[in-house]
2 protein chains.
Amino acid sequence: MVDFLQILKEHNIKRTKYRMAILELLIKEEYRFISIDEIQDRVSSDFSTAYRALELFEENEMIYKTKINEKMYYSYRCSNKEYHHHLICTECGLKVSLDFCPFEDLEKKCETLGFGSFHHSRDLFGICKKCKNES
Amino acid sequence: MVDFLQILKEHNIKRTKYRMAILELLIKEEYRFISIDEIQDRVSSDFSTAYRALELFEENEMIYKTKINEKMYYSYRCSNKEYHHHLICTECGLKVSLDFCPFEDLEKKCETLGFGSFHHSRDLFGICKKCKNES
DNA sequence: CTTCGTGCAAAAAATTTGCATCCGT
DNA sequence: ACGGATGCAAATTTTTTGCACGAAG
């Protein structure tokens, strides 16, 4: 819980009304990715303010950012900093962290395929059980 | 070579100047993904004409479409229709088709992870050997 | 000859930026 | 008080769309 306050202090980031509101929201909804619209709606900031705060948080590795259906979504990161992959539900934004790398095998084959290196896109997408059952 | 002409005929798609020019270009550069800018530049059509032709081709499964660095890229498909994954170089657009599925293992683990189903994003990205060496 | 392809200009949608003002420290 | 944060409006970027004209079958 002191986690992110420390980062703010270390980087001399002012604790303003909207930044705090956005961080609180992201922490509360840490188990999923949320859209800029939901963020703007729930904290009632200007869109540009929200975008600027989120950009700042991402630069300082406090949040994740990913694209779902052509729009950016955001999720709290502080509590789990080791590199890992996510399974993300494209219906509800649910975030499931993987404790293994799905690309290990591909990595090995990379060389023989004419590829120098391979982007482990951190985020993989699907439909979670809940959303699948509801549809 | 008759491949795509047949599709055009089957779907009553008129063989116009720009459509043919775009298809020819895509066939010539089949080993890589190319941008709308390159297409527009090399066939000198209007952008809207190129976009409309490409949309049509994609609907009829004649081409692939993928996003590299926030922009769409296009590549000829007709000659290889079985479902497969691509490794795509984000520097030069090189397209390498995979004859195996990199997500087989993940698929199996999906259920235990709370995921109903999993999108096999067809395209995976990296840097090809050539571009890596040049940088 | 008639349907549909094309160019042009303008719309759309998401995100970014310049600038004047306001707030946190 | 000072520098950075915010709101507002306008720019940006890529792609899409409406409409009038022109070309393919």
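In this text the structure is predicted, and so the values were computed from the model without any measurement. A note on names: the letters A, B, ... follow the listed sequences, proteins ahead of strands, and every chain is numbered from 1.
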> Is the closest side-chain heavy-atom distance between K71(B) and D37(B) below 4.5 Å?
Replying inline: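 Answer yes - side chains close enough.
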> Heavy atoms, side chains only, cut-off 4.5 Å: are K132(B) and S117(A) in contact?
Replying inline: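 Yes, at least one pair of side-chain atoms sits under 4.5 Å.
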>> Whether the side chain of R52(B) and the base of dG7(C) hold a donor-acceptor pair under 3.5 Å is what I'd like checked.
In response: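 For R52(B), whose side chain was compared with the base of dG7(C), there is a donor-acceptor pair (under 3.5 Å).
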> Quick one: the side chain of K17(B) and the base of dT6(C), do they pair up donor-acceptor inside 3.5 Å?
Replying inline: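 Between dT6(C) and K17(B), which were checked side chain against base, a qualifying N/O pair under 3.5 Å is absent.
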> Taking the side chain of M72(A) as its heavy atoms from C-beta onward, which of dT6(C), dG7(D), dT15(C) lies nearest to it?
Replying inline: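 When the side chain of M72(A) is considered, dT15(C) is the closest of dT6(C), dG7(D), dT15(C).
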>> Please pick, from dA24(D), dG7(D), dG24(C), the nucleotide with the shortest atom-to-atom distance to any side-chain atom of D46(A).
In response: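 Nearest to the side-chain atoms of D46(A), counting from C-beta on, is dG7(D).
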Rounding to a whole Å, what distance do you find between [X]:[atom1] and [N]:[atom2]?
| X | N | atom1 | atom2 | value |
| --- | --- | --- | --- | --- |
| N69(A) | dA13(C) | CG | P | 15 Å |
| L54(A) | dT16(C) | CG | C1' | 14 Å |
| Q40(A) | dC8(D) | CD | P | 11 Å |
| M20(B) | dA24(D) | CE | C1' | 12 Å |
| L5(B) | dG25(D) | CG | P | 12 Å |
| E58(B) | dT16(D) | CD | P | 10 Å |
| R19(B) | dA23(D) | CZ | P | 15 Å |
| E70(B) | dT12(D) | CD | C1' | 14 Å |

>> Closest-nucleotide mapping onto DNA chain D: is R15(B) or I36(B) further toward the 5' terminus? I mean the 5' end.
In response: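 Closest to the 5' end, via its nearest nucleotide, is I36(B).
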> Toward the 5' end of DNA chain D, which comes first, F47(A) or I13(B), by nearest nucleotide?
Replying inline: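 Result of the comparison: F47(A).
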>> Within the 4.0 Å heavy-atom criterion, would you say S48(B) contacts the bases, only the backbone, or no part of the nucleic acid?
In response: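 Base contact - S48(B) has a heavy atom under 4.0 Å of at least one base atom.
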> Y18(A) near the nucleic acid: base, sugar-phosphate alone, or nothing, with a heavy-atom cut-off under 4.0 Å?
Replying inline: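 Result for Y18(A) = sugar-phosphate.
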> Name the one of K67(A), K95(A), H85(A), H86(A) that satisfies side-chain hydrogen bond (donor to acceptor under 3.5 Å, both in side chains) with D123(A)?
Replying inline: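 So, applying the side-chain hydrogen bond (donor to acceptor under 3.5 Å, both in side chains) to D123(A) and each of K67(A), K95(A), H85(A), H86(A), only H86(A) qualifies.
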> Between the side chains of H120(B) and E107(B), is a donor N or O closer than 3.5 angstrom to an acceptor N or O?
Replying inline: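 Looking only at side-chain atoms, E107(B) and H120(B) do form a donor-acceptor pair, the distance falling under 3.5 Å.
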> Do the side-chain N or O atoms of Y51(A) get closer than 4.0 angstrom to the phosphate oxygens (OP1, OP2) of dT16(C)?
Replying inline: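 No, because none of the side-chain N or O atoms of Y51(A) sits under 4.0 Å from OP1 or OP2 of dT16(C).
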> Less than 4.0 Å between a side-chain N and a carboxylate O, is that true for R52(A) and E55(A)?
Replying inline: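 No.
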>> Using heavy-atom distances to pick each residue's nearest nucleotide on DNA chain C, tell me which of K14(B) and S44(B) is more 5'.
In response: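 Looking at the nearest nucleotide for each, K14(B) comes out on the 5' side.
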